[in-house]
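The structure under discussion appears below in the form of structure tokens.
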There are 2 protein chains.
Amino acid sequence: MHCPYCNYYDTKVTDTRVIADGLTIRRRRECSKCSFRFSTIEESEILDLTVVKRDGRREPYNKDKLANGLKHSLEKRPYTAEQFKSLVQKIERDIQRRRKTELTSHEIGELVMKRLKSFDQIAYIRFASVYRSFQDVSGFTEELRGLIKARGLKASRPRPPINKSAN
Amino acid sequence: MHCPYCNYYDTKVTDTRVIADGLTIRRRRECSKCSFRFSTIEESEILDLTVVKRDGRREPYNKDKLANGLKHSLEKRPYTAEQFKSLVQKIERDIQRRRKTELTSHEIGELVMKRLKSFDQIAYIRFASVYRSFQDVSGFTEELRGLIKARGLKASRPRPPINKSAN
DNA sequence: AATTGTACCCCTATATATTGGGGTGGTCAA
DNA sequence: TTGACCACCCCAATATATAGGGGTACAATT
């Protein structure tokens, strides 16, 4: 990896730590030429997945689009950056567990809903009303009714930013 | 690094490629237990920098905040994801070249402006009007006058998404 | 005032990743 | 329809990173 300071092509690793539940590697690197030190992060990334949209168009999977959709549903809702990151990681893990090179945006939407439901119920309803409304209105209103009855529409408290074992 | 599929702690690298002008390493990994294959990305990350805000409060540097500020200035402006990423990388490189563990938000704002000026002049003006307005109004209006005269307020065309040599 | 967490630093033996070669299939643009 | 580009696949020799130890400093939290 190149040096961010002088752009020399060769840098060496001086320290390696596994962090965040083993999902991330943090390295400390040093430039072979100017000795500049810097940190790097290695993380899993979904690179070769094609998303098939409702109209049939296909496009490369894009983490930012997932994150933006989630942020939209979570607008003005209480959550920390760590909690959000963990949510995205869980959804991406669900995607990877499908072992597919193509997924429909609807399939991804279902995975998102599954995780959102236990993360923040208000966001879940917002998201679901977009992704499901035109498919099973009756089932969705049932769901809504159930939530209202059970919890009086209070959102579930976002969990503390602790990554427990796999989920 | 743990396996995203079965969460086993040990995965092995099967392939390594340096990409994006040497600023990024893409690895292909395989789980020692379930043989699941996945990709990872290693990138430079600024972890130990404290930002001193105008009111004196100090907080850890946060790439997302930088990105959000930029996106705000670039609202409705034409640019690609690659161009945006390259812009953020350049600014972070400028930050690293300062070799400081603390920077004021004003200093970061200056670095942002320097890069934004050649990226998109409309965004530059938007950003500058926030970061500079209360400090040197006369200098800023001079700047504006110059831009209007020289270019009739047309933004510079975002460059094609090619990363040339260091800058 | 004490504790937790994070980034950072250093060290060493062992195991692992890397580089460079060669190659496939798919998508996108010319 | 041809070429470019990207993610992916495989192999083998060499060089490099890793894990695990132990440690400092600082900030935020309790």
Side-chain angles (χ1 to χ4, degrees), chain A residues 1-3 8-32 35-42 44-53 56-63 80-82 85 95-96 99-103 160-164, chain B residues 1-4 8-32 35-42 44-53 56-63 80-82 85 95-96 99-103 160-163:
Chain A
M1 176 173 286
H2 289 208
C3 171
Y8 189 64
Y9 75 96
D10 186 34
T11 59
K12 300 235 183 314
V13 175
T14 62
D15 203 42
T16 310
R17 300 291 149 177
V18 174
I19 55 175
D21 234 352
L23 297 171
T24 303
I25 296 175
R26 190 187 77 236
R27 292 186 181 83
R28 193 78 183 144
R29 288 182 174 269
E30 178 169 355
C31 177
S32 306
S35 298
F36 180 69
R37 292 187 164 202
F38 60 104
S39 298
T40 64
I41 294 289
E42 178 180 357
S44 170
E45 196 141 321
I46 298 173
L47 294 174
D48 216 40
L49 175 68
T50 300
V51 179
V52 181
K53 307 178 86 171
R57 291 196 299 108
R58 301 157 79 257
E59 60 180 41
Y61 168 77
N62 184 336
K63 181 183 194 152
T80 69
E82 290 94 325
K85 191 172 182 184
I95 290 171
Q96 289 180 309
R99 287 180 170 278
K100 295 269 191 75
T101 57
E102 279 193 8
L103 281 180
I162 294 147
N163 280 323
K164 304 193 197 73
Chain B
M1 176 175 286
H2 289 209
C3 171
Y8 189 65
Y9 74 97
D10 186 33
T11 58
K12 300 236 184 313
V13 175
T14 62
D15 202 41
T16 311
R17 301 292 148 178
V18 174
I19 55 175
D21 235 353
L23 297 171
T24 303
I25 295 175
R26 191 186 76 236
R27 292 187 180 81
R28 193 78 183 145
R29 288 182 174 268
E30 178 169 353
C31 177
S32 306
S35 298
F36 181 69
R37 292 184 164 206
F38 60 104
S39 299
T40 64
I41 294 288
E42 179 180 357
S44 171
E45 197 142 319
I46 298 173
L47 295 173
D48 215 41
L49 175 68
T50 300
V51 178
V52 182
K53 307 178 84 172
R57 291 196 299 109
R58 302 157 78 259
E59 60 180 40
Y61 167 77
N62 184 336
K63 180 185 196 150
T80 68
E82 290 93 325
K85 191 171 180 183
I95 290 172
Q96 289 181 309
R99 288 178 169 280
K100 294 269 192 71
T101 57
E102 279 193 9
L103 281 181
I162 293 146
N163 280 325

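Values in this document were obtained by computation on a predicted structure and should not be read as measured data.
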**Degree of bending, the helix from C:dA1-D:dT30 to C:dA30-D:dT1 (end axes from five pairs; round to 10°)** = 90°

**Prompt:** Going by heavy atoms in the side chains, are B:Thr24 and B:Val18 under 4.5 Å from each other?
**Reply:** no

**Distance, rounded to the nearest Å, where B:Asp15 contributes CG and C:dT19 contributes C1'** = 10 Å

**Prompt:** When you check the phosphate oxygens OP1 and OP2 of D:dT18, does a side-chain N or O of A:Arg27 lie under 4.0 Å from one of them?
**Reply:** yes

**Message:** Test your reading of the model: is there a side-chain donor-acceptor pair from A:Thr14 to the backbone of A:Arg28, 3.5 Å cut-off?
**Reply:** yes

**Message:** Quick one, B:Tyr61 and B:Glu45 - any side-chain contact, counting heavy atoms below 4.5 Å?
**Reply:** no

**Message:** Counting only side-chain nitrogens and oxygens, does A:Arg28 get under 4.0 Å of the OP1 or OP2 atom of C:dC9?
**Reply:** yes

**Item:** A:Thr11 side chain vs A:Met1 backbone, donor-acceptor pair below 3.5 Å
**Value:** yes

**Prompt:** If you take atom types as modelled and just measure distance, does the side chain of B:Arg17 reach the base of C:dG21 with a donor-acceptor pair under 3.5 Å?
**Reply:** yes

**Prompt:** When you check the phosphate oxygens OP1 and OP2 of D:dA7, does a side-chain N or O of B:Ser39 lie under 4.0 Å from one of them?
**Reply:** no

**Message:** Using modelled atom types and a 3.5 Å cut-off, is there a donor and acceptor pairing between side-chain atoms of B:Ser32 and backbone atoms of B:Asp10?
**Reply:** yes

**Request:** Counting heavy atoms from C-beta on, name the nucleotide in D:dA19, C:dC10, C:dT27 closest to the side chain of A:Arg37.
**Result:** C:dC10

**Request:** Counting heavy atoms from C-beta on, name the nucleotide in D:dG21, D:dA19, C:dA7 closest to the side chain of A:Thr16.
**Result:** D:dA19

**Message:** Can you work out whether A:Asp10 or B:Thr50 has the more 5'-proximal nearest nucleotide on DNA chain D?
**Reply:** A:Asp10

**Prompt:** Side chain of B:Ser39, backbone of A:Leu47: donor and acceptor closer than 3.5 Å?
**Reply:** no

**Length of the CD-C1' vector between B:Glu102 and D:dA27, whole Å** = 11 Å

**Request:** Compare the minimum distances between each of D:dA7, D:dT18, C:dA7 and the side chain of B:Arg26, then state the nucleotide with the smallest one.
**Result:** D:dA7

**Request:** Would you kindly give the CZ-to-P distance between B:Arg57 and D:dA28, to the nearest whole Å?
**Result:** 10 Å

**Asked** Do A:Gln96 and A:Ser44 have side-chain heavy atoms sitting under 4.5 Å apart?
**Response** yes

**Request:** Tell me which of A:Glu30 and B:Ile25 sits closer to the 5' end of DNA chain C, going by the nucleotide each one is nearest to.
**Result:** A:Glu30

**Request:** Give the rounded distance in Å between these two atoms: NZ of B:Lys12 and C1' of D:dA17.
**Result:** 13 Å

**Euclidean distance, atom OH of residue B:Tyr61 to atom C1' of C:dT6 [Å, nearest integer]** = 18 Å

**Asked** When the distance from CD1 of B:Ile46 to C1' of C:dC8 is rounded to whole Å, what number comes out?
**Response** 16 Å

**Request:** Report the residues that fulfil ring-ring contact (aromatic ring centres under 6.0 Å, His included) with B:Phe36, sequence neighbours left out, ordered by chain and then residue number.
**Result:** B:Tyr5

**Of the listed nucleotides D:dG20, D:dA7, C:dT18, the one nearest the side chain of A:Leu47** = D:dA7

**Rounded interatomic separation in angstrom, taking CE from A:Met1 and C1' from D:dA15** = 18 Å

**Request:** Check the distance between D:dC5's P and A:Asp48's CG and give it to me in whole angstrom.
**Result:** 18 Å

